[in-house]
Amino acid sequence: MKKIKYILHIDMDAFFASIEQRDNPNYRNKPICVGSSPSSRGVVSTCSYEARRYGIHSAMPSSIAKSLCPEAIFIKPRIRYYSQISKQIFSLLGKFSPEVFQVSIDEAYIDITGMVPYYKDYTTIGKMIKEDIKRKFDLTCSIGIAPCKMLAKIASDLKKPDGFVFISKENVEEFIESLDIKKIPGIGKKTIEKLNKYGIYKMRDFYSKDIGFLKEKFGNWVESLYFKTFLKENNLKNESKSHSISTESTFDHDIEINETLIEYIRQMVWELSLRLTDKDLKAKGIGVKVRDSNFKTYQKQKSFSQYSINVFDFEDEVVKLFKKLCEMKLKKEKIRLIGVKFFDIVKTEDILFNKNNKEEILLKKINEINKKYNSSIIKKGFR
Ligand code: TTP
Ligand code: MG
């Protein structure tokens with residue numbers, strides 16, 4: 001029989017906003033939004049819990065956030081600074097287990113299965129991590145511990161902010177049965193509505209139905225939930241891989257399709273390529289996203305036959321995709337948002353017969369120089 005694992009999921013509370021409140025006493029206990037200015041057309045990256053009481057949330061247009069809470073303070077993000085703090089926090093976690101897998105700027109899974117001999121019990125490990133982070137960074141986090149990844153993630157979210165939830169193997173069944181179906185990651189709003197239509201609100205309602213009925217109404221994906229295969233999905237490493245990276249920009253005014261925009265897209269590809277090289281990753285797919293002045297969004301993507309980091313090929317291909325999208329979909333519309341994505345990403349070390357091409361060497365050098373001077377002193381020039 002497979003040994004039961006214990007997985008800890010940690011997620012920082014209102015991460016960017018909490019750092020700003022920590023650093024500036026004038027922001028404490030106040031509704032603050034980190035993100036674009038309300039006079040722009042950008043969005044809120046995150047907001048303090050005080051701002052959440054007004055209904056503000058991540059990805060909401062800043063202008064709407066302002067109308068919900070006119071006294072909210074808007075702060076420009078300091079991403080580089082938040083990333084440095086993130087690095088320091090996650091390196092501290094290494095003290096508690098050798099298996100720490102960061103999955104985003106403020107979130108990680110830690111396999112704590114074998115760590116009990118060094119601490120009193122699993123709860124003690126969770127509490128010590130929270131105390132350490134509070135003492136060293138003056139920030140709060142929420143932690144969930146459970147015998148599988150999915151439940152650990154759900155648990156860390158249940159009592160946010162400053163939450164701590166431990167689900168022991170003895171309590172797993174009861175926990176799952178009483179779980180609200182809305183808490184299951186990956187189930188969208190429409191599906192929730194449909195589940196509700198059939199009287200399914202809690203997981204126990206879901207399990208009371210016949211699997212044949214559920215598959216017919218919702219599709220084959222229900223099987224893993226029904227047979228609880230998620231309880232065995234504890235391979236942290238697989239999930240820690242980023243499968244795609246992307247960047248996007250909303251313009252202050254809708255803009256025409258012209259050569260300056262094309263250069264801007266090339267710049268975006270360049271920046272993504274630098275991020276990829278910095279993490280020693282390669283991609284096999286590229287994509288572009290465009291939103292027009294009528295808020296219609298179009299996407300196009302392409303896969304290559306080999307993993308690569310050839311920034312010049314990527315640039316040309318992304319521009320080709322963009323031009324095709326414009327021809328096929330946009331006609332004479334102006335552009336409101338543009339996004340570029342790399343997907344199907346792997347670690348360079350995982351690629352058999354990997355060859356370093358000269359573009360990769362060039363990007364690595366640029367990254368080294370930019371890091372040395374702690375800025376982007378080398379940027380892409382215009383053609
Ligand atoms: P989250 O952990 O999703 O949010 P949070 O830490 O702000 O709040 P919570 O207490 O609910 O965990 O994201 C971490 C950071 O990532 C967040 O502080 C800002 C950034 N972020 C964005 O920039 N845009 C987004 O749409 C989201 C969701 C997050
Ligand atoms: Mg968070």
Side-chain angles (χ1 to χ4, degrees), residues 1-2 4-7 9 11 43 52 55 57-60 64 103-104 107 109 142 144-160 163 165-244 246 285 287 289-291 294-301 303 329 339 341 343-345:
M1 208 183 86
K2 229 175 155 189
I4 299 253
K5 281 194 176 186
Y6 272 95
I7 308 294
H9 181 258
D11 188 299
V43 296
R52 293 182 196 198
H57 56 76
S58 292
M60 172 182 273
I64 295 182
V103 278
S104 80
E107 189 189 351
Y109 288 98
S142 295
I145 300 176
C148 77
K149 272 174 71 178
M150 188 176 95
L151 294 181
K153 186 169 167 77
I154 293 173
S156 75
D157 196 52
L158 279 183
K159 299 251 165 89
K160 255 183 178 295
V165 173
F166 173 62
I167 308 165
S168 69
K169 62 180 193 311
E170 292 79 17
N171 292 332
V172 161
E173 287 300 324
E174 192 193 325
F175 181 84
I176 298 175
E177 290 277 323
S178 58
L179 202 56
D180 197 319
I181 197 100
K182 278 193 237 144
K183 299 277 177 197
I184 307 289
I187 303 190
K189 252 194 191 156
K190 288 255 158 67
T191 310
I192 300 281
E193 277 170 22
K194 198 168 157 190
L195 285 159
N196 291 169
K197 213 178 90 192
Y198 291 106
I200 302 169
Y201 293 89
K202 301 263 180 197
M203 286 303 286
R204 72 165 63 86
D205 306 327
F206 178 80
Y207 292 121
S208 72
K209 304 278 178 204
D210 176 67
I211 180 64
F213 165 84
L214 292 170
K215 268 170 75 173
E216 186 200 316
K217 299 290 177 208
F218 297 95
N220 287 341
W221 65 269
V222 291
E223 276 191 343
S224 78
L225 205 54
Y226 196 85
F227 296 113
K228 300 183 189 161
T229 46
F230 56 84
L231 285 170
K232 295 188 194 92
E233 285 156 17
N234 278 330
N235 192 350
L236 306 192
K237 224 172 186 171
N238 284 347
E239 289 289 311
S240 73
K241 263 187 207 162
S242 150
H243 296 293
S244 71
S246 60
K289 170 165 121 184
V290 175
R291 184 167 301 143
N294 296 323
F295 270 87
K296 284 211 172 113
T297 307
Y298 304 103
Q299 307 203 41
K300 211 164 174 44
Q301 61 187 50
S303 287
K329 305 280 186 192
K341 166 175 92 168
F343 62 94
D344 203 349
I345 289 174

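Values below: all heavy atoms of this structure, side chains included; hydrogens, waters and symmetry mates excluded.
Between Ser178 and Arg204, some side-chain heavy-atom pair lies under the 4.5 Å cut-off. The shortest distance between side-chain heavy atoms of Leu151 and Phe230 falls below 4.5 Å. Counting heavy atoms from C-beta on, the side chains of His9 and Lys149 never come closer than 4.5 Å. Between Ile187 and Leu195 the shortest side-chain heavy-atom distance falls below 4.5 Å.
Using bins of under 30°, 30° to 60° and over 60° for the plane-to-plane angle, the ring pair Phe218/Tyr198 lands in the perpendicular bin.
Counting all heavy atoms, side chain and backbone alike, Asp11 lies closest to Ser156 at CB-OG, 4.5 Å. Scanning both residues, Ile167 and Pro147, for their nearest heavy atoms gives O-CD, 3.3 Å. Residue Ala146 comes nearest to Ala152 through the heavy atom pair CB-N, 3.5 Å, listed as atom of the first residue, atom of the second, then distance. The shortest non-hydrogen separation linking Ala155 to Gly144 is CB-CA, 3.7 Å.
For Asp210 (side chain) and Gly212 (main-chain N/O), a donor-acceptor pair under 3.5 Å exists by modelled atom type. When atom types are taken as modelled, the side chain of Thr229 and the backbone of Ser224 share a donor-acceptor pair closer than 3.5 angstrom. A donor-acceptor pair under 3.5 Å is absent between the side-chain atoms of Asp157 and the main chain of Ile154, judged by distance alone. Looking only at distances, a side-chain donor or acceptor of Asn196 sits under 3.5 Å from a matching main-chain atom of Ile200. Side-chain atoms of Lys194 come within 3.5 Å of backbone atoms of Lys217 as a donor-acceptor pair (strictly under, hydrogens ignored). The closest donor-acceptor contact from the side chain of Tyr226 to the backbone of Lys209 lies under 3.5 Å. Panel note: side chain Ser244, backbone Phe343; no donor-acceptor pair is recorded below 3.5 Å.
Rounding to the nearest 0.5 angstrom, the gap separating the CE atom in Met150 from the CG atom in Leu231 is 8.0 Å. With rounding to the nearest 0.5 angstrom, the NZ atom of Lys182 is 9.5 Å from the OH atom of Tyr201. The CD atom of Gln299 sits 11.5 Å away from the NZ atom of Lys329 when rounded to the nearest 0.5 Å. From Arg52, atom CZ reaches atom NE2 of His57 across 10.5 Å, with rounding to the nearest 0.5 Å. We find the CZ-CG distance between Phe206 and Leu179 to be 12.0 Å, quoted to the nearest 0.5 Å. Note that CE of Met203 and NZ of Lys183 are 14.0 Å apart. Values are rounded to the nearest 0.5 Å.
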Query raised in the report: Could you walk me through whether Lys289 and Lys341 pass the side-chain contact (heavy atoms from CB on, under 4.5 Å) check?
Result: CA-CA 8 Å; Lys289 170 165 121 184; Lys341 166 175 92 168; over 6 Å; no

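Counting heavy atoms of neighbouring residues, nucleotides and ligands inside a 6.0 Å radius, atom CD of Glu174 does not exceed 12 of them. In Phe227, the CZ atom is crowded: over 12 heavy atoms of neighbouring residues, nucleotides or ligands sit closer than 6.0 Å.
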